[in-house]
Structures are given as C-alpha cells and as structure tokens.
Amino acid sequence: MKLRSKKIMAVLMASTIATGAFAVSAANLTKNVQLRYNNINVKVDGQYKVPNMEPFFIGDSVYVSLRDAGQLIGSQVNWNGTTNTVEINTSSIANSALEAELAARNHELAVAKSEMQKMQAKIEQYEKKLGITDDKDTDKDDNKDEDNSITSSDLKDMLKKLDKYYSDKYDVEWEFTLKGNEKGLRLTMEYDSKQDGKAFKAISKSSLEKLAKDIMRDIQSGLGKIKVEGKVYDKREEVTKAEFTMSTKGVFDFEYKRNNNITDQDLKEFTKILEDKYGKFPALNLGATFDGSSIRVRSVKLIQDGDEVEFEIYTDYANMSVAKKAWDDMSGASKDKLETYLDDIQEEIEEEFDVDATGYVFNESKEIIARYDTSLKLN
C-alpha cells in the first residue's frame, strides 16, 4: 500500500513539473498543488486555438502554459536555464506584421501608379486626336519670374505710365487698376458709359483689342515677363465688355463679350456712323450701256433679327427691268470692289455688336440686287 502511494505521488509531481503548475519562490521552496482539468477552450481574436498543453484550474484560476500563450499571440517564449529566466520576444512578430502591412501598401501604391500612367496615356492620345496643345511649358514660363518681387511702388509707377499714355485714348476717360505680384497681375480698364458711352461705341473691336495688347506689352516691358490678365469694365452698367490675357511668352488672347441687349438707340447711333463712313457707293464697271460710277447711297438701315443684324444699303440704281443686263455684265474687278465694300460694313457691325451680320443692296425700286453673307451674291 505504501509503495503504491509513493508511485502515485511521483507521477503527480512529474506532471506538475512538466506543466509548470507549481510556484517556486526565490528560496526554491516547493508547494504541492491540485490541478483540475475541465476541457478549457482558448480563443485568440475570436478564433479557437489548440495549445500544446491543456489549460487547467488551480483553485478558481485558469492557467495556460506561458509558452503556449506567447506563441498563440505571435510572441517567442524561451527558457534560459543559465539565468533561470523566461525570455519573451514580441518585437520580431511586430516587425513582421509591420513589414507585411508596408508591403501591402507599397503594392497598392504601385497598382495605383500603374493605373494613373495608363489613364495619362489615354488622355494624351485623346488630346492628340483633338489637337489640344500641352500648356505645361507655358505654365512653367508663367512662373519663372517668381523670384523677381514686385512692390506696391512698382505698381504705382506703372499706373502713372498707363495714365500718361492711355488715359484719354479714343476720347474715353479710362481709369486703370493694377493689382498682383510676381506670380501674376490683374489689370482693369474702367470707363463710364453715361459719360463716354458714345465714344466707346465708336471704338471697333479690332481697335479695342489693339489698345489692350499695347497696354499689356507696356506692363511686361516695365515689370518683367509676368502673366497678366485684364478686362474692360463699364462701371456705370457694371458689365464686363472684354477680357484678355498675355502669357509670359507674349501670347495674347482677347475675348469681346457678346452684347445681347442691343437697343433701337444703339442701332440708330451706329447707323449714323456707317452712313458717314460708307455713304459713298463704290464705282463699278457695268459696261457701256450703264454708268456704274454714278450709283449713290440714299440711306442705310440696321435691323436686329434674333442673334443677327441685317444691314440694308438703299441706292439710286435703276429699276432692274432697265438695268438687269448691265448688272449681269459687271466686271470681275467691280465684283471684288463691291464685295470688299460690303465685307467691311459687315465686319464693323459684327465687331460693334458681336453678332453675325448679313447685308443687302437695294435699287431705287427697293428690289434686292445684291446680298452678302460670306460671299457676294448678285440678283
């Protein structure tokens, strides 16, 4: 009986030592404990794990092998017999996880870059087909003078020059405002339509464009090759009449704002301008049977038709039943002369009102004898 008891005690002690389920004090004292197994499960991050050594109870506490616990959460656990030390290493696992995360992010970045390159290649193909030029070099040039600072004193000096040379150009009292810095400038050319409306209307689109271009060149000449944006502004009506830009390469772009509010008074005033300028009909060679050099302009009429303006030239040319053959026999040089005459009138109207214009020439019986849109047509 005693022999059997000794064997059971030896097995129990061996099991206790193997599982580590005993307490060792600093004085190497030994305590006997009672282990209780109850099919204890282990979960790590919501997933069941099977440790190498089955967990157990000692009293009311559950014990899991330190080596199993460390390995289940990704740590390395070693026993150092020389120093009687349990060594736990978590850095290798953490570094491994970090490296895996970094590798995943690098992969995502590489995929994204590849997709961007594919999209850029498609964009360039479409731009090439559409004839769109690359403005990257222009953008670089627009910013190349960023280091050349522009002071408020520089702007004031430039405004004095603009006032000196352009303040009364075309009999309009212009007011100039110049703002910005070395990264870009903004010019505003203001006028009052109540005071200078008639003088402003007398300025053709091409003349206004030339004025803006000359001013922009003077600004760049004095302040450097800086991108300049500008506008012509009616401060009375609070309406922008034109917008324009000058790049650092000197490329000038001008846009005249379409006038959708043409009044009868506008047409009447411009009709007077046309009559003064084009009141003399061109001398035409109509052959020996009819004197084409004596045709006179009786009146000019402008009619707004939606987004178009028609101009009608009334002459004292004879009734078509009398002069039809002479009109048909007009020389080529005379046709060119008449076409140029009508083309000039059309251009003046389109520049003034920013609309499409079509012209008609009438004889003394108010019959249409010629028409001009993009080319001359004789009736």
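No hydrogens, no waters, no symmetry mates; every other heavy atom, side chains included, goes into these values. All of these numbers come straight from a predicted model, not from anything done at the bench. Residue numbers count from 1 along this sequence.
Y278 places none of its side-chain heavy atoms less than 4.5 Å from the side chain of V300. Taking the side chain as every heavy atom from C-beta outward, R217 and K213 approach each other to under 4.5 Å. Side-chain atoms of M246 and Q220, non-hydrogen and from C-beta on, do get closer than 4.5 Å to each other. By the 4.5 Å heavy-atom criterion applied to side chains, L378 and D328 are not counted as neighbours. Contact of the E367 side chain with the F362 side chain is not registered, since no non-hydrogen atoms from C-beta on lie closer than 4.5 Å. Side-chain contact between L211 and M189: present, with at least one pair of heavy atoms (C-beta onward) separated by less than 4.5 Å. Between P55 and V42 the shortest side-chain heavy-atom distance falls below 4.5 Å. Side-chain contact between V309 and D356: absent, with no pair of heavy atoms (C-beta onward) separated by less than 4.5 Å.
Residues I368 and Y317 do not share a hydrophobic cluster, clusters being chains of Ile/Leu/Val/Met/Phe/Trp/Tyr side chains in contact below 4.5 Å. Under the 4.5 Å side-chain heavy-atom criterion for Ile, Leu, Val, Met, Phe, Trp and Tyr, V297 and I295 are members of the same hydrophobic cluster. Cluster membership for V322 and V361, using ILVMFWY side-chain heavy atoms within less than 4.5 angstrom, is not shared. There is no path of hydrophobic side-chain contacts, each under 4.5 Å, that joins Y233 to I203. Cluster annotation: F353 and I303 are assigned to distinct hydrophobic clusters (Ile/Leu/Val/Met/Phe/Trp/Tyr, side-chain heavy-atom contacts under 4.5 Å, transitive).
Nearest heavy atoms, L187 versus M216: CD2-SD, 4.3 Å. M158 and L223 make their closest contact through CE-CG, 4.1 Å (heavy atoms, listed as atom of the first residue, atom of the second, distance). The two residues E339 and S375 make their nearest non-hydrogen contact at OE2-CA, 3.4 Å. Of all heavy-atom pairs spanning E54 and I40, the tightest one is OE2-N, 4.5 Å. The minimum heavy-atom distance between E364 and N319, with the atom names listed, is OE2-N, 3.3 Å. Pairing each heavy atom of L155 with each of G180, the nearest pair is CD1-O, 3.8 Å.
For K231, the NZ atom sits in a packed shell: over 12 heavy atoms of surrounding residues, nucleotides or ligands are nearer than 6.0 Å. Surrounding CD of Q47 are at most 12 heavy atoms belonging to other residues, nucleotides or ligands under 6.0 Å away. Surrounding NZ of K198 are at most 12 heavy atoms belonging to other residues, nucleotides or ligands under 6.0 Å away. Annotation for D45: atom CG does not count as buried by contact number, only 12 or fewer foreign heavy atoms lying within 6.0 Å.
Between E348 and K277 there is a salt bridge, since a side-chain N of the basic residue sits under 4.0 Å from a carboxylate O of the acidic one. We find that E229 and R186 are joined by a salt bridge, their nearest charged nitrogen and carboxylate oxygen being less than 4.0 Å apart. Between K272 and E269 no salt bridge is recorded (no basic side-chain N to carboxylate O distance below 4.0 Å). Between D157 and K161 there is no salt bridge, since no side-chain N of the basic residue sits under 4.0 Å from a carboxylate O of the acidic one. The existence of a salt bridge linking E175 and K235 is confirmed by a sub-4.0 Å separation between a basic side-chain nitrogen and an acidic carboxylate oxygen. Of the charged side-chain nitrogens involved, none lies within less than 4.0 Å of a carboxylate oxygen, so that D264 and K268 do not count as a salt-bridged pair.
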- Query: Is there a side chain to side chain contact (heavy atoms under 4.5 Å, CB included) between V232 and F200 once you walk through the steps?
  - Reply: CA-CA 11 Å; V232 176; F200 180 81; 3.9 Å; yes

Practice problem: Verify side chain to side chain contact (heavy atoms under 4.5 Å, CB included) between I262 and V355, making sure each step is shown before the conclusion. | Solution: CA-CA 10 Å; I262 304 174; V355 295; 4.1 Å; yes

Show your working on side chain to side chain contact (heavy atoms under 4.5 Å, CB included) between F56 and V64 and close with a plain yes or no.
CA-CA 7 Å; F56 52 82; V64 180; over 6 Å; no

- Stepwise, does the side chain to side chain contact (heavy atoms under 4.5 Å, CB included) test hold for F57 with N38? CA-CA 8 Å; F57 281 99; N38 194 22; 4.1 Å; yes

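At a cut-off of 3.5 Å, with distance as the only test, no side-chain donor of T340 or D343 sits close to an acceptor on the other residue. Under the 3.5 Å distance criterion, with hydrogens and angles disregarded, a donor-acceptor pair is assigned to the side chains of T151 and D154. Under 3.5 Å, the side chains of D234 and S193 contain a donor-acceptor pair of N or O atoms. For the residue pair S204 and S206, a side-chain donor N or O sits within less than 3.5 Å of a side-chain acceptor on the partner. Using modelled atom types, one finds a donor on one side chain and an acceptor on the other under 3.5 Å when comparing Y314 with E312. Neither side chain, Y166 nor D214, offers a donor N or O lying under 3.5 Å from an acceptor on the other.
In this structure, the separation between CG on L286 and CG on D291 is 8.0 Å, given to the nearest 0.5 Å. Remark: N379 CG to I369 CD1 distance equals 8.5 Å, nearest 0.5 Å. Within the model, atoms CG of L274 and CD1 of I349 stand 5.5 Å from one another, a figure rounded to the nearest 0.5 Å. Of the inter-residue distances, the one linking Y170 atom OH with L208 atom CG reads 8.0 Å to the nearest 0.5 angstrom. Interatomic distance, K205 NZ to E347 CD, rounded to the nearest 0.5 Å: 9.5 Å. Between atom CG of residue D266 and atom CD of residue Q304 there is a gap of 9.0 Å, rounded to the nearest 0.5 Å.
Under a 3.5 Å cut-off, the side chain of S167 and the backbone N or O of K164 do not form any donor-acceptor pair. Side chain of N285 to main chain of G287: a donor-acceptor pair is present (N/O by atom type, distance under 3.5 Å, no hydrogens or angles). Checked by atom type and distance alone, the side chain of W174 pairs as donor or acceptor with a backbone atom of K169 at under 3.5 Å. D336 places no side-chain N or O within donor-acceptor distance of the main-chain N or O of A333, the cut-off being under 3.5 Å. Side-chain N or O atoms of S247 include one that pairs as donor or acceptor with a backbone N or O of K249 at under 3.5 Å. Panel note: side chain D316, backbone R296; a donor-acceptor pair is recorded below 3.5 Å. Proximity of a side-chain donor or acceptor of E173 to a complementary backbone N or O of D168 within less than 3.5 Å is not detected. Between the side chain of S293 and the main chain of A283, no donor-acceptor pair closer than 3.5 Å is present. Without hydrogens or angle criteria, D171 side chain to A199 main chain gives no donor-acceptor distance under 3.5 Å.
Proximity of the aromatic rings of Y341 and Y372 is defined here by a centroid distance below 6.0 angstrom, and this criterion is not met. Between F290 and W327, a ring centre-to-centre spacing not shorter than 6.0 Å is recorded.
Annotation: cation-pi pair R371/Y360 absent, no NZ/CZ under 6.0 Å from the ring centroid and within 45° of its normal.
In this structure, F244 and F254 have parallel ring planes: the angle between them is below the 30° cut-off, well short of the 60° mark.
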